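Structure record follows, encoded as C-alpha cells.
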There are 2 protein chains.
Amino acid sequence: MFSIGQLSTKTGVKIPTIRYYEQMGLIENAGRSAGNQRRYDQAGLERLSFIRHARDLGLSIEHIRELVDLSRHPEQPCTHAHALAERHLLSVRARIAKLQKLEQELARISGLPDDGQVGSCNVIQALADHSLCKTSH
Amino acid sequence: MFSIGQLSTKTGVKIPTIRYYEQMGLIENAGRSAGNQRRYDQAGLERLSFIRHARDLGLSIEHIRELVDLSRHPEQPCTHAHALAERHLLSVRARIAKLQKLEQELARISGLPDDGQVGSCNVIQALADHSLCKTSH
DNA sequence: GTAATACCTCTAGTAACTAGAGCTACAAGA
DNA sequence: TCTTGTAGCTCTAGTTACTAGAGGTATTAC
C-alpha cells in the first residue's frame with residue numbers, strides 16, 4: 001500500500017490531478033487509512049499509469065473514460081477500443097496538417113525584413129492582412 | 001457604421017466573442033447607438049480582422065494584446081513584433097514534433113491485431129504499458 | 001513529545017470562449 | 001402609427017483539464 005504522494009512519484013501524475021481523476025470517476029475511490037488518507041495498491045497504480053499514458057497520447061478524459069469502462073467488461077469485443085484509437089489517430093493527423101500550414105505562414109512572416117518602426121512593420125502588416133497569406137487557414 | 005452582427009459577418013468572429021474581446025480590452029469599447037447598441041467603423045473592423053488572423057495563426061490573447069499595444073506606438077522599433085512571431089514559430093514547430101511522435105505511436109497501436117475480446121485487447125494493453133512504446137513522450 | 005512533512009477538503013482561478021435567461025432596440029410591412 | 005420579427009443588451013454559469021491557495025489534520029522521524 002502506498003500514499004497519494006508515493007503514487008504521484010511512481011506515475012508522474014501530480015497529487016491534485018490524482019484527486020481530480022478520482023472526483024471525475026476515472027479511478028475508483030481509494031481506500032483510506034485510519035486517519036482518512038488515501039491508500040493505493042498495485043491495481044490502483046496500474047490504472048493510473050494507463051490514464052497517464054493515454055493522456056500523454058492526447059486522448060481526452062471522455063475517451064479514456066470509455067476505455068476504462070470497456071476494460072471493466074473484458075468479455076466484450078475490442079472493436080470499440082480499436083475504433084477509438086483510429087479516430088484519435090485521424091484527429092492527430094489533422095492537427096499536424098493544420099499546424100504545418102501555420103508553420104509555413106509564420107516562417108514567411110518571421111522572415112520578412114525588419115525595416116525599423118512599428119508603423120511600417122511587416123509582421124504587423126502580415127498579421128492584419130489575411131489576403132497576403134500564401135496558404136489558407 | 002455597422003452593428004455587431006454586421007461586424008461579425010464581415011470578420012467571421014462570432015458576436016459573443018466580439019463582446020468577449022471588448023471585455024478583455026483587446027478592442028476598444030465600441031461607440032453606442034441611442035439605444036445602447038454597439039456601432040463600429042472601418043478602424044474597428046480592421047482591428048478585429050487583425051485579431052482574427054492572429055488567433056487563426058494560434059497566437060494567444062496575451063500575445064495579441066502585446067501586438068495591439070505595440071501598434072499603438074508606431075514610432076517604436078518593431079524588433080519586439082519580430083521576436084514574438086519567431087518565438088511563436090518555434091513553439092508551433094515543437095508542437096508539430098510532439099504530435100508526430102504521437103502519430104507514430106497511435107499508428108502502431110491502431111495497427112495491432114484485434115484478437116477478439118477486451119480482456120486481451122492489444123490497444124488497451126498498449127495504452128496501459130508505456131514501456132512498449134517505440135518513441136519517447 | 002515535538003517538529004517537519006504530507007495529507008485532507010473546499011473554493012476559486014486558468015484560457016478562450018459558448019450558452020442561456022430575461023429584457024430592449026431597431027427595421028420593415030400593414 | 002402599430003406591430004411583429006429579428007437583432008441586440010447584460011449577466012451568470014458552463015466548458016476542459018487541471019492548478020493554486022486557505023485552513024486544518026495525519027504521519028513520521030528524531
Side-chain angles (χ1 to χ4, degrees), chain A residues 1-27 29-41 44 47-48 50-68 88 91-92 95 98 102 137, chain B residues 1-27 29-41 44-45 47-48 50-68 84 88 91-92 95 98 102 137:
Chain A
M1 297 297 258
F2 20 85
S3 69
I4 196 168
Q6 291 168 319
L7 186 68
S8 169
T9 314
K10 281 174 204 284
T11 57
V13 178
K14 289 188 196 136
I15 292 172
T17 306
I18 297 174
R19 291 197 275 246
Y20 168 75
Y21 287 161
E22 181 181 304
Q23 201 188 319
M24 292 296 102
L26 272 194
I27 54 183
N29 284 9
R32 299 294 179 122
S33 73
N36 198 36
Q37 298 193 352
R38 289 170 179 81
R39 290 294 176 262
Y40 298 90
D41 57 8
R47 163 143 306 166
L48 187 58
F50 173 92
I51 294 168
R52 169 78 212 269
H53 192 201
R55 283 295 300 140
D56 274 355
L57 292 169
L59 278 84
S60 71
I61 295 279
E62 260 327 293
H63 281 170
I64 295 172
R65 196 199 308 278
E66 284 183 56
L67 290 172
V68 166
H88 191 62
S91 97
V92 166
R95 265 195 285 165
K98 201 171 167 212
L102 298 187
H137 45 251
Chain B
M1 298 297 257
F2 20 85
S3 69
I4 196 169
Q6 292 169 319
L7 187 67
S8 170
T9 314
K10 281 174 205 285
T11 57
V13 178
K14 289 187 195 137
I15 292 173
T17 307
I18 297 173
R19 291 198 274 247
Y20 169 74
Y21 287 161
E22 181 182 303
Q23 200 186 320
M24 293 298 104
L26 272 195
I27 53 182
N29 283 9
R32 298 294 178 122
S33 72
N36 198 34
Q37 300 193 350
R38 289 170 179 83
R39 290 294 175 263
Y40 298 90
D41 57 8
L45 173 65
R47 165 144 304 165
L48 187 57
F50 174 92
I51 293 169
R52 168 77 210 268
H53 193 202
R55 284 293 300 139
D56 274 355
L57 291 170
L59 277 84
S60 72
I61 295 279
E62 260 326 293
H63 282 169
I64 295 171
R65 197 199 309 278
E66 283 183 57
L67 290 172
V68 166
L84 216 147
H88 190 60
S91 97
V92 166
R95 265 194 286 163
K98 203 171 165 213
L102 297 189
H137 46 250

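The shown structure was predicted, so the numbers you read here are calculated from the model rather than taken from an experiment. Letters A, B, ... mirror the listed sequences (proteins, then strands); counts begin at 1.
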Problem set entry | Gap between atoms CD1 and C1', on A:Ile51 and D:dA17 respectively (whole Å) |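 Atom-to-atom, A:Ile51 to D:dA17, this comes out as 13 Å.
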Problem set entry | Gap between atoms CG and P, on A:Leu26 and D:dA17 respectively (whole Å) |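 Going from CG in A:Leu26 over to P in D:dA17 covers 9 Å.
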Exercise. With sequence neighbours excluded, what pairs up with B:Arg39 under the salt bridge (charged side-chain N to carboxylate O under 4.0 Å, His left out) test?
Worked result: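 B:Arg39 satisfies salt bridge (charged side-chain N to carboxylate O under 4.0 Å, His left out) with no other residue.
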Problem set entry | By salt bridge (charged side-chain N to carboxylate O under 4.0 Å, His left out) - contacts of A:Arg55 (at least two apart) |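 Partners of A:Arg55 under the salt bridge (charged side-chain N to carboxylate O under 4.0 Å, His left out) test: none.
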Exercise. Roughly how far, to the nearest 0.5 Å, is CZ of B:Phe2 from CG of B:Leu45?
Worked result: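 If I round to the nearest 0.5 Å, the distance is 4.5 Å.
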Exercise. Just how far is it from atom CD1 of A:Ile51 to atom CD1 of A:Ile27, taken to the nearest 0.5 Å?
Worked result: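 Here the rounded value is 6.0 Å.
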Using a cut-off of under 3.5 Å, enumerate the N/O to N/O pairs linking the protein to nucleotides 26-30 of chain D.
residue	atom	partner	partner atom	Å
D:dA26	O4'	A:Gln37	NE2	3.0
D:dT27	OP1	A:Ser33	OG	3.0
D:dT27	OP1	A:Gly35	N	3.2

Distance-only donor-acceptor hits, side chain of residues 13-24 of chain A, under 3.5 Å, sequence neighbours excluded:
residue	atom	partner	partner atom	Å
A:Glu22	OE1	A:Arg38	NE	2.9

Exercise. Listed in order of residue number, which residues of residues 1-23 of chain B have a non-hydrogen atom at under 4.0 Å from DNA chain C?
Worked result: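 When residues 1-23 of chain B is checked for heavy atoms under 4.0 Å from DNA chain C, the hits, listed by number, are B:Lys14, B:Thr17, B:Tyr20, B:Tyr21.
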Exercise. Taking any atom under 4.0 angstrom from a heavy atom of chain B, which nucleotides of DNA chain C are the first and last to qualify, 5' to 3'?
Worked result: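 On DNA chain C, the outermost contacted nucleotides are C:dA16 to C:dC26.
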Exercise. Applying salt bridge (Lys or Arg N to Asp or Glu O under 4.0 Å), which residue pairs with at least one partner in residues 2-11 of chain B are found, sequence neighbours left out?
Worked result: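 Qualifying pairs, neighbours excluded: none.
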Exercise. With B:Ser60, which residues qualify under side-chain contact (heavy atoms from CB on, under 4.5 Å), at least two apart?
Worked result: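 Result, side-chain contact (heavy atoms from CB on, under 4.5 Å) vs B:Ser60: B:Glu62, B:His63.
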Exercise. Can you name the residues that form a side chain to side chain donor-acceptor pair (under 3.5 Å) with B:Asn36, not counting sequence neighbours?
Worked result: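 Counting only residues at least two positions away or on another chain, B:Asn36 forms a side chain to side chain donor-acceptor pair (under 3.5 Å) with B:Arg32.
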